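What follows is a set of notes on a single structure, which appears directly below.
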Amino acid sequence: MWVADNWKEYEVIDTSEGEKLERWGQYILLRPDPQVIWNTPKEAKEWHKLNGHYHRSSKGGGEWEFFNLPQEWSIHYKSLTFRLKPFSFKHTGLFPEQAVNWDWFAGIIQKADRPVRVLNLFAYTGGATLAAAKAGANVTHVDASKGMVTWARENAAASGLSDAPIRWLVDDCVKFVEREIRRGNTYDGIIMDPPSYGRGPKGEIWKMEESIYPFICSAARLLRKDSLFFLINSYTTGLQPAVLSYLLNSTIVKRLGGQVVSSEIGLPVTAGGLILPCGSSGRWINTDT
């Protein structure tokens with residue numbers, strides 16, 4: 001498992017009874033996690049010092065309950081700054097487990113010794129975009145939500161990256177890739193974090209299981225022979241690391257060679273010293289560069 005264990009301002013303190021207890025900077029949040037199927041003793045004092053608790057409804061969805069929590073605050077990962085604000089369905093605007101992938105591709109970009117163009121698809125609030133830009137890449141950031149792109153730009157400004165070579169686009173990722181193929185544009189690295197289900201800006205429907213294979217086939221056409229890497233993340237039940245490996249081997253490796261590795265990603269839990277699984281990632285790297 002790839003573990004995001006370099007955080008200083010974020011921590012999974014404990015997990016029990018379908019919930020995870022987290023520290024986001026100086027604030028303590030309690031949020032649902034369907035993988036926490038165990039009932040362990042809640043010994044950490046933070047269980048009784050919450051600043052926010054997301055209560056899941058038996059009818060689906062849920063709502064936040066706040067205790068002296070500001071509407072917005074920031075945390076840092078290395079030299080990056082992220083603005084946080086609890087919003088719909090338990091989210092805060094950041095997936096801390098992805099830091100293990102940020103470190104991976106940042107290292108590749110820094111070692112490339114040439115200009116690097118990166119495409120970030122389903123780019124959300126820009127964690128991967130900022131990590132790639134900070135490492136020296138020219139980044140194209142694409143997301144269907146105007147609000148998420150605005151939020152990502154705010155994170156870039158907070159991280160001192162307002163003038164970084166980042167192209168911000170509100171667009172349907174599938175249609176954008178199709179247009180890039182027609183335009184003959186290519187990239188040195190591609191990052192994608194597709195949702196299990198979603199809609200584009202004009203109501204386009206995305207279902208991960210139905211759409212991901214043809215989409216990877218299309219996106220792979222934007223890689224040159226000397227491209228550096230391709231990263232796909234999955235939070236969809238059933239798309240395990242071996243499935244991601246099969247997808248990347250049957251699309252990118254078949255065309256460009258290179259090597260694929262896939263794994264679960266996770267976060268360390270302070271209480272007990274175990275690892276909380278948080279999805280899967282598949283990585284392709286060009287072994288000839």
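Values in this document were obtained by computation on a predicted structure and should not be read as measured data. In what follows, residues are counted from 1 in the order of the sequence shown.
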Taking it one step at a time, do K254 and N249 satisfy side chain to side chain contact (heavy atoms under 4.5 Å, CB included)? CA-CA 6 Å; K254 184 177 180 180; N249 274 292; over 6 Å; no
Quick one: do W24 and T92 satisfy side chain to side chain donor-acceptor pair (under 3.5 Å)? Show the steps, please. CA-CA 10 Å; W24 298 81; T92 64; 5.3 Å; no
Check against salt bridge (charged side-chain N to carboxylate O under 4.0 Å, His left out), D288 and K225: CA-CA 9 Å; D288 293 330; K225 288 186 177 180; over 6 Å; no
Could you go step by step and tell me if S281 and W104 meet the side chain to side chain contact (heavy atoms under 4.5 Å, CB included) rule? CA-CA 12 Å; S281 295; W104 170 72; over 6 Å; no
Apply salt bridge (charged side-chain N to carboxylate O under 4.0 Å, His left out) to residues R23 and E9 and explain how you reach the verdict. CA-CA 7 Å; R23 177 177 63 86; E9 298 185 12; over 6 Å; no
I'd like to know whether R224 forms a side chain to side chain donor-acceptor pair (under 3.5 Å) with T186, so could you lay out the CA-CA distance, the side-chain angles of the two residues, the decisive distance to 0.1 Å, and finally the verdict. CA-CA 6 Å; R224 299 192 299 270; T186 56; 2.9 Å; yes
Audit row: N155, T81, side chain to side chain contact (heavy atoms under 4.5 Å, CB included) steps and yes/no: CA-CA 6 Å; N155 285 334; T81 300; over 6 Å; no
Determine, step by step, whether V269 and I275 satisfy the side chain to side chain contact (heavy atoms under 4.5 Å, CB included) criterion, reporting the C-alpha distance in whole Å, the side-chain angles of both residues, the deciding distance to 0.1 Å, and the verdict. CA-CA 6 Å; V269 181; I275 304 299; over 6 Å; no
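For the atom pair NZ of K85 and CD of Q71, the computed distance is 9.5 Å after rounding to the nearest 0.5 Å. To the nearest 0.5 angstrom, C217 atom SG is 8.5 Å from L247 atom CG. Distance check: I232 CD1 to I190 CD1 gives 11.0 Å after rounding to the nearest 0.5 Å. Between atom CD of residue E97 and atom CG of residue L94 there is a gap of 8.5 Å, rounded to the nearest 0.5 Å. Summarising the geometry, atom CD1 belonging to I13 is positioned 4.0 Å from atom CD belonging to E46; distances are rounded to the nearest 0.5 Å. Rounding to the nearest 0.5 Å gives a distance of 4.0 Å between CD1 of I285 and CD1 of I108.
The shortest distance between side-chain heavy atoms of F82 and T125 does not fall below 4.5 Å. Side-chain contact between S280 and I265 is absent, with no heavy-atom pair separated by less than 4.5 Å. Between I212 and M192, the closest side-chain pair of non-hydrogen atoms falls below 4.5 Å. In this structure, the side chains of C278 and L276 come closer than 4.5 Å at one or more pairs of heavy atoms. With a 4.5 Å cut-off on side-chain heavy atoms, N233 and Q98 count as touching. Side-chain contact between L69 and P86: present, with at least one pair of heavy atoms (C-beta onward) separated by less than 4.5 Å. Residues W102 and L130 form no side-chain contact, since every pair of their non-hydrogen atoms from C-beta on lies 4.5 Å or further apart. Residues V100 and V3 have side chains not in contact (no heavy-atom distance under 4.5 Å, counting atoms from C-beta outward).
Ring planes of Y124 and W151: tilted class, angle from 30 to 60°. The aromatic rings of Y27 and W73 lie perpendicular to each other, with more than 60° between the two planes, well past the 30° mark.
Ring centroid separation for the pair W64 and F87 does not come in under the 6.0 Å cut-off. In this structure, F215 has its ring center under 6.0 Å from that of F122.
Using modelled atom types and a 3.5 Å distance limit, the side chains of T270 and E11 yield a donor-acceptor pair. Between the side chains of H53 and E65, no donor-acceptor pair of N or O atoms lies under 3.5 Å. The closest side-chain donor-acceptor pair between E22 and Y10 falls under 3.5 angstrom. Looking only at atom types and distance, the side chain of S227 has no donor-acceptor partner in the side chain of N286 under 3.5 Å away.
Other residues, nucleotides and ligands place no more than 12 heavy atoms under 6.0 Å from the CZ atom of R153.
When all heavy atoms of A132 and V139 are compared, the closest pair comes out as CB-CG2, 3.9 Å. Residues A137 and V118 come closest through the heavy atom pair CB-CG2, 3.8 Å. Here the closest non-hydrogen pair linking L244 and G282 is CD1-N, 3.6 Å. The nearest pair of heavy atoms linking A133 to I166 is CB-CD1, 3.9 Å. The two residues V170 and S145 come nearest to each other via the heavy atoms CG1-C, 4.2 Å. Here the closest non-hydrogen pair linking A135 and I109 is O-CG2, 3.5 Å.
R182 meets the salt bridge (charged side-chain N to carboxylate O under 4.0 Å, His left out) test with no other residue; sequence neighbours excluded.
The residues R114 and D188 are annotated as salt-bridged, a charged nitrogen and a carboxylate oxygen being separated by less than 4.0 angstrom. With respect to the salt-bridge test (charged N to carboxylate O, under 4.0 angstrom), the residues E180 and R183 qualify.
A donor-acceptor pair is defined here as one N or O able to donate and one able to accept, closer than 3.5 Å; no such pair exists between the side chain of S159 and the backbone of A156. N51 contributes a side-chain N or O that, together with a main-chain N or O of I28, makes up a donor-acceptor pair within less than 3.5 Å. Here the side chain of T40 pairs a donor or acceptor atom with the backbone of T15 at under 3.5 angstrom. W7 places a side-chain N or O within 3.5 Å of a backbone atom of P96 that can act as its donor or acceptor partner. At least one donor-acceptor pair under 3.5 Å links the side chain of R255 to the backbone N or O of A220. Between the side chain of K90 and the backbone N or O of P32, at least one donor-acceptor pair lies under 3.5 Å.
Identified under the ring pair (Phe, Tyr, Trp, His ring centres under 6.0 Å) test for residues 261-289, with sequence neighbours left out: none.
Linking ILVMFWY residues whenever their side-chain heavy atoms come closer than 4.5 Å, directly or via other members, leaves Y235 and Y213 in distinct clusters. Residue Y246 is not grouped with residue F230 when hydrophobic side chains (ILVMFWY) are merged at heavy-atom distances under 4.5 angstrom, including chains of intermediate members. The cluster map of Ile, Leu, Val, Met, Phe, Trp and Tyr, joined by side-chain heavy atoms under 4.5 Å apart, puts L267 and W38 in the same cluster. A continuous path of ILVMFWY side-chain contacts below 4.5 Å connects L29 to V12, so both sit in one hydrophobic cluster. Taken together through direct or relayed side-chain contacts under 4.5 Å among Ile, Leu, Val, Met, Phe, Trp and Tyr, V253 and L256 form part of one hydrophobic cluster.
Remark: R283 qualifies as a cation-pi partner of W2 under the 6.0 Å distance and 45° angle criteria applied to the six-membered ring. A cation-pi arrangement is present between R117 and Y187 under the rule of less than 6.0 angstrom and at most 45 degrees off the ring axis.
Paired with V142 under the rule side chain to side chain contact (heavy atoms under 4.5 Å, CB included), one option of N120, V177, T129, L121 passes, and it is L121.
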